[in-house]
Amino acid sequence: MLDARYVRENPDAVRSAMESRGAGWSVDGFLALDAERRALIAEVETLQASRNESSKAIGALMKEGRREEAEAAKAAVRDVNERIAALEGRTAEVDTEVRELLLTAPNLPDTSVPCGADESGNVEVRRWGTPRVFDFEPAAHWDLGPALGAIDFERGVKLAKSRFVVLGGWGARLNRALINFMLDTHAGHGYTEWSVPALANAETLTGTGQLPKFEDDLFRTDEGLYLIPTAEVQLTNLHRDEVLEAAGLPLHYTAYTPCFREEAGAAGRDTRGMIRVHQFDKVELVKFAAPEHSFEALEEMVRDAEQVLELLGLPYRTVTLCTGDMGFAAAKTYDIEVWLPSYGDYKEISSCSNCTDFQARRAAIKYRDPGAFKGSRLVHTLNGSGVAVGRCLVAVLENYQRRDGSVEVPEVLRPYLGGVSEIGPA
RNA sequence: GGAGAGGUGGCAGAGUGGUUGAAUGCGGCGGUCUCGAAAACCGUUUCACGGGUUACCCCCGUGACGAGGGUUCGAAUCCCUCCCUCUCCGCCA
């Protein structure tokens, strides 16, 4: 959520920021509503002040037994109350409209973010590793996985519906090995591990920005709970309505969770394989940082995610998303893309963002630093995949496959797989 | 799921319609005392929003005693709905 006051005082800056994002958010619509809201509040509060004064006077009259004067005063206050009620009706309406409008505004891009309309405007910042040159025709994971008994697409559909997958045998074990390897790696970098609910309530989803605008992307239970699309939601909301201590910042959190996405509007994209499915596993990184350190915290987070791929020996490149390609809550985002032989290209496997105070304002996450300032201020929240487990599994299978259909196990994963160095058909 | 009890300031805990935003204690902060500390004593200690100012310093106002509604001139106090916590029973990984 944007700071209403900032929008009020910097309408031109906000207008151009919205344009660069390709967001059709109406600054002028906001300004008009905001002005009306403040005028109504001033009027209502003046009337309330006079009512409070009269009520006090009535109390005094009653004590003195001057009943008739008290009755007359009561009648006068009833009039005031009617006017207040009328104004309050409109105030509540305007208040809701202002809030809803603010909740649908995306974050403002940081000044370091390149301008661009879509992913073609993203800027590569670095590459690591060299895509392997195969001396045979490498198989795509949608062929390789089933042949190994590692991935079962048909049964995923049978058990749930299309775009759900089942992992079996080495596939299931490799998946679990990846999760543990990632969590252990992040723990080594000072991240505290959490285990959180896979379902979240509406307030939680609103705190991180999925609601109210993106409800169609979520699975919803008939109790009004939602399946989380990412552990970012839970890790960030852990501190909703809390005031953190500056001395403890930045906080480094990590969690493994399944993630659920409706993928509404993704029809026809990545239909083969398990690149885009309704349920996938992910290890997430979240940080809470003081504003003056959040961008440096973002750089470190990207490195932490990249290291997972480096340890696994998977070639990747990192790009800065341009204004038009960034997510709703982000002020700056780096995507890490892993090399996938089946795509003959790099494919997103991690997205690391600094959301500045955008989520903190929605979720009321603050910090205090008595030596530096009075009261409390909003923290900056960051999140990143560290990394998407399903896509990582795919990357390992495809990049480490051999001519005979077996797959070499990356060194770092062997301790997690009982020491085996290769996996073949079950 | 059934029955009962309860949700008040960082914590504990008063307060059942009228200067109660809220007693008291603890904790925190500042001070006195002390070489220093402890103890004791004194003072202080919520937040949001709106306005004046426009720096979130200060001043005024409004609202907030789980949340939302209602009754009333006036609600922490009365009524309704919802949420949550605790105890017992049931069920259960």
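The chains referred to below are lettered A, B, ... by the order of the sequence lines, with proteins before strands, and numbering in each begins at 1.
Backbone-only engagement by A:I41 is indicated by non-hydrogen atom pairs under 4.0 Å involving sugar-phosphate atoms exclusively. Among the atoms of the strands shown, none is found under 4.0 Å from any heavy atom of A:A73. Among the protein residues, A:R377 comes within range of no part of the nucleic acid, since none of its heavy atoms lies under 4.0 Å from any strand.
Across all strands shown, B:C56 remains unpaired; no Watson-Crick or G-U wobble contact has both distances below 3.5 Å. Across all strands shown, B:C91 forms no Watson-Crick or G-U wobble pair with both distances under 3.5 Å. For B:G30, the paired nucleotide is B:C42, the pair qualifying as Watson-Crick or G-U wobble because both relevant distances are below 3.5 Å. Pair assignment for B:U77: none, as no Watson-Crick or G-U wobble contacts are both less than 3.5 Å. Pairing for B:C47 is with B:G63, a Watson-Crick or G-U wobble pair whose two hydrogen-bonding atom distances lie under 3.5 Å. Across all strands shown, B:U71 has no partner, as no Watson-Crick or G-U wobble contact with both distances under 3.5 Å is found. For B:A23, there is no paired base (Watson-Crick or G-U wobble, both distances below 3.5 Å). Shown here, B:A5 forms a base pair with B:U85; the pair counts as Watson-Crick or G-U wobble because both key distances fall under 3.5 Å.
Of the two residues near RNA chain B, A:T46 and A:S54, the one whose nearest nucleotide lies more 5' is A:T46. Each of A:I58 and A:R8 lies near RNA chain B, and the nucleotide nearest A:R8 is the one positioned closer to the 5' end.
Between A:Y253 and A:H239, the closest side-chain pair of non-hydrogen atoms falls below 4.5 Å. A 4.5 Å side-chain heavy-atom check between A:L174 and A:L417 finds at least one atom pair inside the cut-off. Looking at heavy atoms from C-beta onward, A:V7 lies in side-chain contact with A:W25 at the 4.5 angstrom threshold.
In terms of phosphate contacts, A:R51 brings no side-chain nitrogen or oxygen within less than 4.0 Å of OP1 or OP2 of B:G61. Note on A:R368: every side-chain N or O is 4.0 Å or more away from OP1 and OP2 of B:C56. Remark: A:R38 is in phosphate contact with B:G51, judged by side-chain N or O atoms under 4.0 Å from OP1 or OP2. At the phosphate of B:G74, OP1 or OP2 sits under 4.0 Å from a side-chain N or O atom of A:N81. Taking side-chain N and O atoms only, A:R78 has no distance below 4.0 Å to OP1 or OP2 of B:U72. For B:G18, the OP1/OP2 oxygens have no side-chain nitrogen or oxygen of A:K74 closer than 4.0 Å.
To the nearest angstrom, C1' of B:C83 lies 13 Å from CG of A:L225. If you measure from atom CZ of A:R37 to atom P of B:C49, you get 9 Å, rounded to the nearest angstrom. Between the CZ atom of A:R5 and the C1' atom of B:G51 there is a distance of 12 Å, rounded to whole Å. Here B:G70 presents its C1' atom at 17 Å from CD1 of A:I84, a figure rounded to the nearest Å. Atoms CG (A:L47) and P (B:C73) sit 17 Å apart, rounded to a whole Å. The interatomic distance linking A:Q48 (CD) with B:C73 (C1') rounds to 14 Å, in whole Å. Atom CG of A:L40 is separated from atom P of B:G50 by 13 Å (rounded to the nearest Å). Regarding A:N52, its CG atom lies at a distance of 13 Å from the C1' atom of B:G21, rounded to whole Å.
For A:S55, whose side chain is taken as the heavy atoms from C-beta onward, the closest listed nucleotide among B:C73, B:A48, B:C49 is B:C73.
For the side-chain contact (heavy atoms from CB on, under 4.5 Å) with A:L218, the lone residue among A:V233, A:I228, A:L211 that qualifies is A:L211.
On the P atoms, B:A64 is 33 Å away from B:A3, given to the nearest whole Å. B:G25 and B:A14 are spaced 15 Å apart, taking the P atom of each and rounding to whole Å. Taking atom C1' in both B:G1 and B:C78, one finds a spacing of 31 Å when rounded to whole Å. Rounded to the nearest Å, the gap between the C1' atom of B:A75 and that of B:U16 is 10 Å. Between B:A39 and B:U54, the distance separating the two P atoms is 47 Å to the nearest Å. The P atoms of B:C86 and B:C79 are separated by 25 Å, rounded to the nearest whole Å. Rounded to the nearest Å, the gap between the C1' atom of B:G21 and that of B:U62 is 13 Å. Atom name C1', nucleotides B:C80 and B:C26: the rounded distance is 38 Å, in whole Å.
One finds no salt bridge joining A:R37 and A:E93 here, because no Lys/Arg side-chain nitrogen approaches an Asp/Glu carboxylate oxygen to under 4.0 Å. A salt bridge is absent between A:E300 and A:R303; no separation between the charged side-chain nitrogens and carboxylate oxygens falls under 4.0 Å.
Looking only at atom types and distance, the side chain of A:N201 has a donor-acceptor partner in the side chain of A:T204 under 3.5 Å away. Judged purely by distance below 3.5 Å, without hydrogens or angles, the side chains of A:Y191 and A:D304 pair a donor atom with an acceptor atom.
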